[in-house]
Amino acid sequence: MKRPRLLLAVLAVPLLGAASFVPVASAGVTGPVTEFTVLARSDVGAAVAAVEAAGGTVVARNDAVGLITASAPASGFVARVSSSSAVFGAARSKAIGSAPRDGKKVKHDAVEKEGRGKASGAKRGASGTDPLDDQLWGLKSTRSDLARTVQPGDKRVKVGIIDTGVDASHPDIAPNFDRADSRNFTRDIVADVNGAVVDGPCEYRGCVDAVDHDDNGHGTHVAGTIGAAVNGFGVSGVAPGVSLVNIRAGQDSGFFFLQPTVDALTYAGDAGIDVVNMSFYTDPWLYNCRANPADSAEEQAEQRTVIEATTRALNYAHRKGVSMVVALGNEHTDLGAPLPDATSPDYPSTSAHPRQIDNASCLTMPTEGPHTIGVGAFGPSQAKADYSNYGTEQISVSAPGGYYRDGFGTPWFQKVENEILSAYPRNVAVAEGNVDAAGNVTAAGVAAGVQKAVARDGRVGYYQWLQGTSMATPHAAGVAALIVSEYGKKSGSGFGMDPDAVQRVLEGTASPVACPVPRTVDYLDEGRDESFTATCTGNASFNGFYGHGAVDAYAAVTHGAKYVKQ
């Protein structure tokens with residue numbers, strides 16, 4: 001059984017006021033400063049006063065959760081502000097120090113771009129609805145190609161992409177993009193005080209990217225899998241008729257800090273978003289531990305703040321009718337028995353230190369927060385992807401996430417076509433050297449399997465292969481959007497569906513997948529070490545590799561009614 005999510009719900013406090021993201025004029029602060037997030041215990045006004053008394057300046061506040069962004073001299077601020085009874089906790093938000101790893105777009109590369117340079121040039125399957133759909137084995141696996149004959153998705157259903165942004169100029173995204181409801185809750189971090197690159201140069205004045213821009217590519221890929229339009233061009237998504245809303249919380253570099261993720265969640269609730277896709281964990285801690293002895297007192301307080309603030313935001317969004325679909329993660333670990341963590345904190349880069357992880361007191365957020373639908377990943381053969389996290393404690397369903405090393409002993413082994421093909425922003429393709437300034441796919445792009453589509457009217461779209469639970473999650477989010485489209489009801493001026501009912505339909509109509517025989521699977525032949533070895537527990541109806549089963553869009557829209565009311 002999963003860990004009861006009610007254990008987390010008890011951390012929540014009563015609603016702190018109307019949800020809002022209120023910019024506040026910032027006063028000057030002398031000396032080197034950094035940003036902090038401060039979580040109010042209950043009275044936001046009293047917490048603001050505590051911030052100012054501790055020498056901080058309020059930059060922004062989210063009253064729905066009670067989370068405040070403040071700038072202050074780094075030395076001693078957390079201890080000073082935390083001493084106030086009005087403050088639950090405080091966390092360093094954007095630390096002064098060295099840049100993360102080696103620059104931009106680093107968070108997702110190791111697993112997700114594993115297959116670069118191994119394109120076979122072969123094609124799978126038969127012709128699909130759009131020209132490149134015959135390469136979308138995930139579309140066939142979810143039976144979206146059949147589901148759309150019954151329910152292609154209702155334009156009133158809004159799917160929020162809480163990610164690195166969405167490229168609304170992409171021809172497959174543009175027809176379904178909801179610009180009016182899209183928001184960007186991040187500000188580019190150009191470089192640290194030493195000049196080391198973080199996000200890189202600002203693309204827009206003020207260092208806040210437009211709501212239709214993605215300078216990483218991750219969010220656009222996710223959006224395409226969920227809802228690329230059926231338009232006789234490129235690819236189509238699982239739910240090609242729904243609306244796509246960019247609710248950006250991720251930096252260009254792929255980091256997701258606390259304040260933007262909380263703001264994105266509460267905004268989703270206030271804006272009437274039906275489903276959100278969250279293919280990330282909140283930085284800088286892979287696991288947030290309340291009192292890990294390897295961490296300093298300040299680091300422990302920071303992690304408690306992340307757990308509490310995220311829990312409040314998830315509860316708020318759920319109360320407002322948002323179905324929250326989350327990635328289980330790519331650490332090849334049983335989330336009920338996590339491996340040691342040597343990667344946290346991952347920002348700034350020199351801060352990480354080894355920690356043993358106690359499952360009872362350590363949580364990866366938002367995945368292990370309340371009301372989330374956790375998604376694991378499998379490959380074209382339906383084998384659990386080597387990288388995918390698993391375990392009966394958190395998994396809800398499984399979905400196509402890509403598995404580059406699938407098919408050992410066959411011609412498909414280590415082929416990029418085992419991954420997931422979706423939309424690729426041209427600006428990112430050029431920056432990565434896969435497309436030249438003239439718009440042609442380079443030799444490096446060809447080797448990586450990058451594809452270009454040109455419409456008769458001259459529109460151009462690019463596509464890339466990626467793998468990860470980040471790619472599995474949008475398949476499940478797309479099915480969730482179809483469920484809302486099929487069974488949702490008009491209520492007042494809105495349209496939607498109870499998120500608990502959405503989860504029941506998604507899980508109840510998933511196609512059961514039994515544990516493999518033998519239950520313990522190693523990936524030694526695939527070139528992985530023993531840390532990847534995984535044991536599947538449970539039975540065919542629910543187990544740690546597949547949850548309630550593989551998501552099935554056609555079953556969801558044709559046989560889901562019996563799960564709506566229980």
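All values below come from the heavy atoms of this structure, side chains included, with hydrogens, waters and symmetry mates left out. We number each residue from 1, following the sequence as shown.
The stretch residues 251-294 participates, sequence neighbours left out, in these disulfide bond (SG atoms under 2.5 Å apart) pairs: C289-C362. Annotation: disulfide bond (SG atoms under 2.5 Å apart) contacts involving residues 301-338, sequence neighbours excluded, are absent. Identified under the ring pair (Phe, Tyr, Trp, His ring centres under 6.0 Å) test for residues 39-64, with sequence neighbours left out: none. Applying the salt bridge (Lys or Arg N to Asp or Glu O under 4.0 Å) test to residues at least two apart or on different chains, the pairs with a partner in residues 168-184 are K158-D181, R179-D212.
Side-chain atoms of D209 and D252, non-hydrogen and from C-beta on, do get closer than 4.5 Å to each other.
Judged as a side chain to side chain donor-acceptor pair (under 3.5 Å), and not counting sequence neighbours, the contacts of E331 are N389. By the side chain to side chain donor-acceptor pair (under 3.5 Å) test, S388 pairs with no residue at all, sequence neighbours left out. Partners of E298 according to the salt bridge (Lys or Arg N to Asp or Glu O under 4.0 Å) rule, which considers only residues two or more places apart in sequence or in another chain, are R92. Residues passing the salt bridge (Lys or Arg N to Asp or Glu O under 4.0 Å) test with D334: none are found, sequence neighbours excluded. A search for salt bridge (Lys or Arg N to Asp or Glu O under 4.0 Å) contacts involving D498 returns nothing, not counting sequence neighbours. By the side chain to side chain contact (heavy atoms under 4.5 Å, CB included) test, C207 pairs with R187, D188, V190, C202, sequence neighbours left out. The side chain to side chain contact (heavy atoms under 4.5 Å, CB included) check on A271 picks up Y267, I273, with sequence neighbours excluded. By the side chain to side chain contact (heavy atoms under 4.5 Å, CB included) test, P345 pairs with P284, W285, E299, S351, H353, sequence neighbours left out.
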### Query
Going through the checks in order, is the side chain to side chain contact (heavy atoms under 4.5 Å, CB included) test met by T311 and L314?
CA-CA 5 Å; T311 297; L314 292 168; 5.6 Å; no

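With hydrogens and angles ignored, the 3.5 Å screen pairs no side-chain donor or acceptor of S84 with any backbone N or O of V81.
Aromatic rings from F256 and F280 are positioned such that their centres are separated by under 6.0 Å.
Nearest heavy-atom pair across T367 and V326 is CA-CG2, 3.9 Å. Of all the heavy atoms in G219 and T164, the pair that sits closest is N-OG1, 3.0 Å.
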